[in-house]
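The first residue in the sequence is number 1, and the count goes up from there.
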Amino acid sequence: MRISELAAATGVAVPTIKYYLREGLLPEGVRTAATQAEYGPRHVDRLRVIRALVAAGVSVAEIRKVVTALDAPPAGAYDLLGVAHAAVTPAAPEDADTGSAEALYERLGGRPGTCEPGLLGGLAVALATLERAGFTVPSGVMDEYIVAARRIAEAEIAGIPGDSLEDAVRYVVLGTVLTEPLLLALRRAAQQIVSSERFAGDP
């Protein structure tokens with residue numbers, strides 16, 4: 001298909017497709033003339049991935065890392081997770097106090113000193129934000145956060161496809177990046193349900 005047909009098939013405007021091509025997010029088509037190229041199902045799939053990442057708020061630079069992993073995947077699932085985490089974890093200040101974050105990581109079951117710096121910094125920033133607001137997560141609630149996070153991670157890792165490296169890459173990278181909004185939405189929906197169950201009779 002030509003680029004106009006690719007745009008029609010995906011709902012992505014031609015100028016946007018050309019931008020993705022220039023940025024190296026979308027692979028080049030097969031040249032049929034000096035100014036024309038043919039595109040196929042791979043380009044349709046990649047555009048869907050790119051648009052989903054853009055909608056999730058991932059920057060162009062981080063999207064480039066994700067699509068690079070899709071095209072040339074690291075050797076193992078652990079490294080794939082590193083790529084996925086890097087795409088959605090904001091950079092933390094270099095002077096961030098990570099003591100409390102390290103303790104929280106160990107409560108999740110992590111070994112001391114083994115948390116990826118970006119993830120540790122993300123935990124530290126989240127905890128510092130709570131502290132600045134003067135909000136303390138009740139200890140019982142934090143216990144539940146830890147148990148729930150661990151159970152979710154165990155289920156996700158157990159679901160990594162084992163028969164296809166390409167499927168594993170898509171599952172790990174896209175599943176990590178794109179499901180975070182779903183988790184937040186589910187939490188809020190659950191809060192509404194539980195609140196209505198508890199306080200339904202209140203005036």
Side-chain angles (χ1 to χ4, degrees), residues 52-66 68-70 73-162 168-199:
L53 293 171
V54 168
V58 180
S59 70
V60 168
E62 297 302 339
I63 291 174
R64 189 178 293 110
K65 294 178 184 178
V66 172
T68 297
L70 292 173
Y78 184 80
D79 294 325
L80 286 175
L81 278 172
V83 173
H85 291 160
V88 294
T89 304
E94 293 185 3
D95 60 349
D97 182 0
T98 59
S100 296
E102 182 71 50
L104 198 57
Y105 177 73
E106 292 175 24
R107 288 182 64 188
L108 280 166
R111 297 192 308 275
T114 62
C115 187
E116 296 172 10
L119 293 180
L120 191 63
L123 279 173
V125 168
L127 291 171
T129 300
L130 291 172
E131 184 176 353
R132 283 196 302 272
F135 182 79
T136 301
V137 177
S139 60
V141 175
M142 183 63 81
D143 291 342
E144 293 296 330
Y145 284 173
I146 290 169
V147 170
R150 176 79 189 205
R151 290 184 63 183
I152 290 170
E154 288 172 350
E156 290 175 335
I157 300 304
I160 296 175
V169 171
R170 290 179 64 84
Y171 177 92
V172 171
V173 176
L174 300 184
T176 298
V177 174
L178 300 180
T179 58
E180 292 199 344
L182 173 61
L183 288 173
L184 288 175
L186 283 171
R187 175 181 178 237
R188 290 168 184 154
Q191 287 177 335
Q192 185 264 319
I193 293 168
V194 174
S195 177
S196 67
E197 291 171 349
R198 180 171 180 180
F199 302 116

Asks: What residue pairs, at least two apart or across chains, pass salt bridge (Lys or Arg N to Asp or Glu O under 4.0 Å) with a residue in residues 184-196?
Replies: none

Asks: Which pairs pass salt bridge (Lys or Arg N to Asp or Glu O under 4.0 Å) with one or both residues in residues 98-108, sequence neighbours excluded?
Replies: Arg107-Asp143

Asks: Got a sec, which residues hit side chain to side chain contact (heavy atoms under 4.5 Å, CB included) with Leu186, two or more places apart in sequence or on another chain?
Replies: Leu182

Asks: Please determine whether side chain to side chain contact (heavy atoms under 4.5 Å, CB included) holds for the pair Leu104 and Met142, giving the CA-CA distance in whole Å, both sets of side-chain angles, and the decisive distance to 0.1 Å.
Replies: CA-CA 10 Å; Leu104 198 57; Met142 183 63 81; 3.9 Å; yes

Asks: With sequence neighbours left out, write down each residue that passes side chain to side chain contact (heavy atoms under 4.5 Å, CB included) with Val60, or none if nothing qualifies.
Replies: Tyr19, Glu23, Leu25, Arg64

Asks: Any idea which heavy atoms bring Leu120 and Cys115 closest together, and the distance?
Replies: N-SG, 3.6 Å

Asks: Counting only pairs under 3.5 Å, give me each side-chain donor-acceptor contact of residues 130-139, with atom names and distances, residues two or more places apart or in other chains.
Replies:
| residue | atom | partner | partner atom | Å |
| --- | --- | --- | --- | --- |
| Arg132 | NH2 | Thr129 | OG1 | 3.4 |

Asks: With Glu116, which residues qualify under salt bridge (charged side-chain N to carboxylate O under 4.0 Å, His left out), at least two apart?
Replies: none

Asks: Please list, chain by chain and in numerical order, all residues satisfying side chain to side chain contact (heavy atoms under 4.5 Å, CB included) with Glu156, sequence neighbours excluded.
Replies: Ile152, Tyr171, Thr179

Asks: What are the two closest heavy atoms between Ala101 and Ala124, and how far apart are they?
Replies: CB-N, 3.6 Å

Asks: Closest heavy-atom contact between Ala149 and Leu108?
Replies: CB-CD2, 4.1 Å

Asks: Return the CD to CZ distance between Glu144 and Arg151, rounded to the nearest 0.5 Å.
Replies: 10.0 Å

Asks: Can you name the closest pair of heavy atoms from Ser196 and Ile193 and give their distance?
Replies: OG-O, 2.7 Å

Asks: Can you list everything that forms a side chain to side chain contact (heavy atoms under 4.5 Å, CB included) with Ser195? Sequence neighbours excluded, please.
Replies: Phe199

Asks: Would you call Glu62-Lys65 a salt bridge at under 4.0 Å N-O?
Replies: yes

